[in-house]
Protein chains: 2
Amino acid sequence: MARPERRTVRDVRRGNRGMLLRTLYFDGPASRHELTGLTGLSAATISTMTGDLLADNIIVEAGQVDSDGGRPRVLLRVNPAYGYVIGVDVAETHVRVELFDLEMTEKARVDYSLRPSHHDIELVTRRILAGIDVVLADGGVPADRVLGVGIGVPGIVERGQDTLIHAKTFGWDGVPLGALMRAGTSLPVFIDNGAKTMGQAELWFGAGRGAAHAVIVLIGSGVGATVVADGVVMRGSSNSAGEWGHTKIALDGRQCRCGGRGCLEAYIGAEGILDRAGVATRTTDWQAALGRVLESDSQVIEETVAYLGMGLANLINLLNPERILIGGWAGLMIGRDLLPGIRAAARANSLAQPCNATSIILGELGPDAVALGAATLVLEEFLDTSAPLRLHAAS
Amino acid sequence: MARPERRTVRDVRRGNRGMLLRTLYFDGPASRHELTGLTGLSAATISTMTGDLLADNIIVEAGQVDSDGGRPRVLLRVNPAYGYVIGVDVAETHVRVELFDLEMTEKARVDYSLRPSHHDIELVTRRILAGIDVVLADGGVPADRVLGVGIGVPGIVERGQDTLIHAKTFGWDGVPLGALMRAGTSLPVFIDNGAKTMGQAELWFGAGRGAAHAVIVLIGSGVGATVVADGVVMRGSSNSAGEWGHTKIALDGRQCRCGGRGCLEAYIGAEGILDRAGVATRTTDWQAALGRVLESDSQVIEETVAYLGMGLANLINLLNPERILIGGWAGLMIGRDLLPGIRAAARANSLAQPCNATSIILGELGPDAVALGAATLVLEEFLDTSAPLRLHAAS
DNA sequence: CGTGCTTAGTTCAATACGTGAACCTATAGT
DNA sequence: ACTATAGGTTCACGTATTGAACTAAGCACG
């Protein structure tokens, strides 16, 4: 019931220009002629619009295709060097900053490790700002060619007047990261939950490409999900939609670190699996330990498949997605070995109609796509507005 | 990632006209001057647009408000008699057809009872078509002033080339109700699941008014939900989103009539509750029986609150709605007595952040709003397109 | 009673946009 | 050199919103 916004003729141009740019980005290179078919716009409009975009240097020519008996087609593509985007992954053990060109080719990266329980917000902010300077220097990119910085953080990102972050494990309770960043750089800053940015990455560049209704499930030590409805990441009323890990699958079930009982995460999160297998989670290398469990402990494997299948079935019934992607380091390990069983368990627990409409597959991007996804937030903004590069004061 | 459609200047007009009409529908009556503020459009545009709408007789003047020292404002409102909409509720025991004017005031209704297990599609179609003729005659409305017919049916409504309906309990497996209706009437027909149309009714005219992110939960003998994201009913990839009743809340739990185990419906559906209380569901009057259980059986009450709270908590975590409405005949009975407990249980099982953003309240429209919601499908189409009445051949 | 003030609503020129038709351009084949 | 063919551009036209100028309809006060 949200009423749509007023529109003017200029919005038409903005919208069509954005669509043209997206088309060229994902289906390009393409000739002007092909673009008429792909966008539905007339040849006249394509002509003037590509003229504008060429003049702005946002797109460039990309060779010719000669036809047999006719003027050759001039191919157009987005200019990957028009601008650059920065993605930041703020995680338990590190802060990673990556620089991408518009085609999301990585140009530079830098890692700062964080000591456990040293997640002081000032420290993290300093690391991010320093990282931005480093990747720009390493990549040889001047700050005024950067379209923005996307940051993926743990916890709940509250988008209000000021972006506030609530991350229990970091001891962050309403931390104003947005304001702190603006104090240190003039670049536009976009912040979101790391699981969501990762989902965004899979949706745009991974196994989720082209899906209008999808769920990207993330299993690591924690469990989360990115729900995509009508091609857009669902955020809910306070941007916390997608907290799938604390979905309850049993009354008075296993104790979860969130304080509750019976959370899905307590069963199929990496820690939960190891715990069920009787592995001491204090000191061990979790990844190796999980590998051993998945090789040997048939009891735990069976349970894991059952619980995960049930959780996915609930998503299928409630959301009716066309695709479910399983990602996260633990999710990829589990999925690699157990996908057929998981699919069967999901089928057994869901209704036939929506289940047949869904395919359950693994993510493509591996567990380190948080920064890529964060940078994608900037790219999304750019493709939508396709605004000529604003000049920011140097950071 | 669904790419937006091409737009032209005419789309701007269509969109703005629709917005103006919606504004007038929900916030009206209003003067032209007020409309500039409400819509964001300029006085000039409001002037020409209201002129068009007045000429089309879609809106009418509704008196004046004299200001102190200035030209009085002329109030405008949607013309409730411009057109009429028909809503149909196809249920287990009856087919109900209702005629509404544009303000959703009921003008006529007719009920046909269905004998159990007599849900032959031809019979139902004949009842609907006969009902349309009856309400038009009773209401004194000529067929060419009807904007369309909305039909709420049980089961899954598959929207493809032809609308197909899969309703196990009716023995309908891919029934082409849309095509059958078109064979009997030239009125535009809109079909959706009855739980969804009821949710739509609550969203537009009940306790859900103004909510952008909401879930309308329906508890009767079955259990369903309507998920609203960004003001739009979420449908998923094959229009079956919202199957909340068969969400699993326990591994190997209670047997459900869907064939699965541990479905929420098997615990908090009317039949599930009665069953847990040891009431024979074969012959009893369910409504009375449920009333007795809710008055006396503290064990069952406690469990019901726990399970429902858990189910709602999962919705809160996953979808982060600003409002959850509880409806359906059983839901209203349960909620009337147990709402505080349910709220507490939901809080106990969900994360603080999204839980604080949600209010859990009862539906306002009672259990019989399926036909109203179905008619709302037609109204929605009308407000969006605001097309001058198409002339249909008489039905 | 008429003059000025105030608020509501309309008209019009300016500007922006997409489109179809006419037109120009660049290749291959002959 | 000429023609066929296909790619791309230009321009008049219809449609859209808007700000500014303008008209309409009331009140207050002398």
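Heavy-atom basis, side chains included; hydrogens, waters and symmetry copies ignored. Every chain is numbered from 1, with letters handed out A, B, ... down the list of sequences.
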Does the side chain of [X] reach to within under 4.5 Å of the side chain of [Y], using non-hydrogen atoms?
X: B:L75; Y: B:Q64; result: no
X: A:E158; Y: A:N239; result: no
X: A:W204; Y: A:L372; result: no
X: B:L99; Y: B:V141; result: yes

Review point. Within 45° of the ring axis of A:Y25 and under 6.0 Å from its six-membered ring centre, is that where the NZ or CZ of A:R77 lies?
Key: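 Verdict for A:Y25: no cation-pi partner in A:R77.
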
Exercise for review: Spell out yes or no: do the side chain of A:R71 and the base of D:dG7 have one donor N/O and one acceptor N/O closer than 3.5 Å?
Suggested key: yes

Check your understanding: Would you call B:R22-B:D27 a salt bridge at under 4.0 Å N-O?
Key -> no

From [atom1] of [X] over to [atom2] of [N], roughly how many Å is that when rounded to an integer?
X: B:D11; N: D:dA16; atom1: CG; atom2: P; answer: 10 Å
X: A:R32; N: D:dA6; atom1: CZ; atom2: C1'; answer: 14 Å
X: B:H33; N: D:dA25; atom1: NE2; atom2: P; answer: 18 Å
X: B:Q64; N: D:dG26; atom1: CD; atom2: P; answer: 6 Å

Interface polar pairs with nucleotides 28-30 of chain D, N/O, under 3.5 angstrom:
none

Point to revise | Gap between atom NE2 of B:H33 and atom CZ of B:R73 - 0.5 Å precision | key: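 It is 8.0 Å, given to the nearest 0.5 Å.
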
Check your understanding: Between residues 36-52 of chain A and DNA chain C, which residues have a heavy-atom gap below 4.0 Å?
Key ->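 Close to the strand are A:L41, A:S42, A:A44, A:T45.
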
Revision key, fill the gap. Across all chains, not counting sequence neighbours, the salt bridge (charged side-chain N to carboxylate O under 4.0 Å, His left out) partners of B:R32 are none

Check your understanding: With nearest nucleotides of DNA chain D determined for B:N16 and A:S31 from heavy-atom distances, which residue corresponds to the more 5′ nucleotide?
Key ->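 It is A:S31, whose closest nucleotide lies nearer the 5' terminus.
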
**Study point:** Earlier contact from the 5' end, DNA chain D, for A:V74 and A:T8
**Key:**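 Checking each residue's closest nucleotide, the 5'-ward one belongs to A:V74.
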
Revision key, fill the gap. Sorted by chain and residue number, the side chain to side chain contact (heavy atoms under 4.5 Å, CB included) partners of B:V9 (sequence neighbours excluded) come out as A:V9

Check your understanding: Can you name the residues that form a side chain to side chain contact (heavy atoms under 4.5 Å, CB included) with A:S42, not counting sequence neighbours?
Key ->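 A:A44, A:T45.
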
Point to revise | 5' to 3' contact window, DNA chain C with chain B (heavy-atom distance under 4.0 Å) | key: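 First-to-last contact on DNA chain C, by the 4.0 Å heavy-atom rule, is C:dT6 to C:dT19.
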
Exercise for review: Determine the minimum heavy-atom distance between A:R323 and A:R209, stating which atoms define it.
Suggested key: NH1-O, 3.2 Å

